[in-house]
Amino acid sequence: MHRGFHPKSSTLRLYTKRREGGRGLRSAKVEDVFRQTDSSERSVTIPDTPTEKILWLYRLFGRPTKKRQCSVATSEDKPSGSKKKAKKRWWRRKNKVAPSPEEEECSKEEKRREGPEDQKAKMMGAKSVSTRQTRRYKCRGFPNPAQFCYMNSCLQSLLTLEDFVGAFRSQEQVWSSDPEAALIRAFMDIRESHLSPDAHRKIRLLVAFKEAVSVWAPEFQDFDQKDAHEFLTSVLDQMRSLCPQLQAAAASEGRIYSCPVEDHLVFKMQKTKTCKGCGAVSITEEEFTNLSLDLIPGGGTVEEMLRCYLKETELDYNCECGATTSCQRLSFVNLPKVLMLHLKRFRFTPSFQLQKVHDPVDLFRDLVVSSNQGDGCLSLVSTISHVSYTAECGHYICDGVDVNVAQEDPTDRWFTYNDEEVTETTGKAVCDERKNVSYILFYKRHD
Ligand SMILES: [Zn+2]
């Protein structure tokens with residue numbers, strides 16, 4: 001079985017802690033709503049399936065089970081000052097469920113690409129047109145009625161990897177008819193409606209995707225908060241595990257199926273063990289979809305973190321010569337087209353309390369990584385950040401480069417995806433602002 005985890009990595013089960021702290025106020029609150037509605041309004045029919053229930057609550061309350069516990073730096077929402085304001089926001093959100101003419105126009109505008117107005121705006125500076133652009137980009141967002149910001153962020157990051165997505169699209173004939181490939185279909189359905197202003201449709205597709213993931217990873221079945229890294233590795237592992245079956249199905253029709261996860265994200269690491277007694281060397285290779293890196297206390301760059309990961313370590317190892325220690329060194333056999341790095345921002349204290357690590361990570365757009373095939377230059381294209389001060393409460397947001405803008409384009413245009421809110425930003429701003437919160441990084445290799 002393919003695994004994305006390395007023995008050296010210690011993915012901490014962030015959500016386990018959350019779950020044991022009681023299902024949280026949100027769930028209890030929602031249950032109250034159910035009870036009250038049930039006893040006082042007999043005519044109301046409460047839907048049975050989770051999807052219908054979410055849509056029902058979404059229609060009633062706009063964002064029923066989502067309650068931001070922490071402020072988000074990029075959010076444009078101001079905390080509610082009074083009940084009146086909160087009520088107004090409630091109505092505004094509720095009304096937004098139905099696409100406004102502006103939003104209808106949104107996807108058309110997206111496709112039209114930049115007009116002369118944008119060129120002029122660029123000359124004046126991107127900030128001067130931010131309000132108009134925020135409205136324009138809103139249709140790129142994903143609604144979040146049930147605490148799945150971790151999934152929304154992972155999906156936005158994956159959709160930024162346009163070659164990866166394109167590899168799925170070009171092989172549609174293989175996965176579209178395979179009954180086992182529901183996960184890929186659900187993913188591509190989301191891709192197809194990425195720019196749609198239809199919030200209801202998006203919720204249905206997001207829940208369908210979550211359900212598809214939960215078939216093999218039941219830990220994602222409920223609507224509690226989860227760890228984005230665990231979710232992402234599970235999605236990629238599942239997509240990858242479908243490969244043999246899809247290859248066989250394709251071959252039976254005279255076609256070829258090439259797994260996009262293997263082609264774009266998987267890379268090999270070489271582990272060289274040298275016995276300290278006799279010097280005997282053993283070399284093994286292992287496949288990864290991502291690496292989990294320790295943060296450098298006090299701060300450091302991603303290069304430094306990688307160097308620490310690859311540096312020689314001593315370990316217990318019983319050799320035939322009688323020696324009990326050996327040296328182990330790791331190296332990249334090859335570099336993937338997209339290198340995914342997980343920053344270990346969560347750790348357990350000696351008393352097994354989950355703790356968030358805030359050490360800064362100096363982010364730069366470019367990264368040079370050495371492999372057995374030579375040095376490779378990579379560029380940051382997306383980040384997933386966990387915005388919070390504690391490990392228990394938090395919110396995931398994603399930043400991704402605008403795939404329509406060429407890498408050498410001086411505008412350096414990126415988007416910040418905060419559920420349904422999408423704002424324009426730059427790669428430079430992302431590197432500056434995500435130092436203390438970045439959690440997963442995606443680097444694209446220069447060909
Ligand atoms: Zn030995």
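Remember, it's 1-based here, ligands and their atoms both numbered in the order they're listed. Keep in mind that this is a model prediction, so the values were computed, not measured.
Sorted by first and then second residue, the salt bridge (charged side-chain N to carboxylate O under 4.0 Å, His left out) pairs with a member in residues 163-180 read Asp163-Lys444; sequence neighbours excluded. The salt bridge (charged side-chain N to carboxylate O under 4.0 Å, His left out) analysis of residues 246-259, with sequence neighbours excluded, yields the pairs Glu253-Arg255. The salt bridge (charged side-chain N to carboxylate O under 4.0 Å, His left out) pairs that include a residue from residues 142-152 number zero, where partners must be two or more places apart or lie in different chains.
Going from atom CE of Met151 over to atom CG of Asn144 covers 8.0 Å, rounded to the nearest 0.5 Å.
Annotation: cation-pi geometry not satisfied between Lys344 and Tyr439 (NZ/CZ under 6.0 angstrom from ring centroid, within 45° of ring axis).
With a cut-off of 2.8 Å, the protein N/O/S atoms near the Zn ion (ligand 1) add up to 4.
Aromatic ring orientation, Tyr417 versus His194: tilted (interplanar angle from 30° to 60°).
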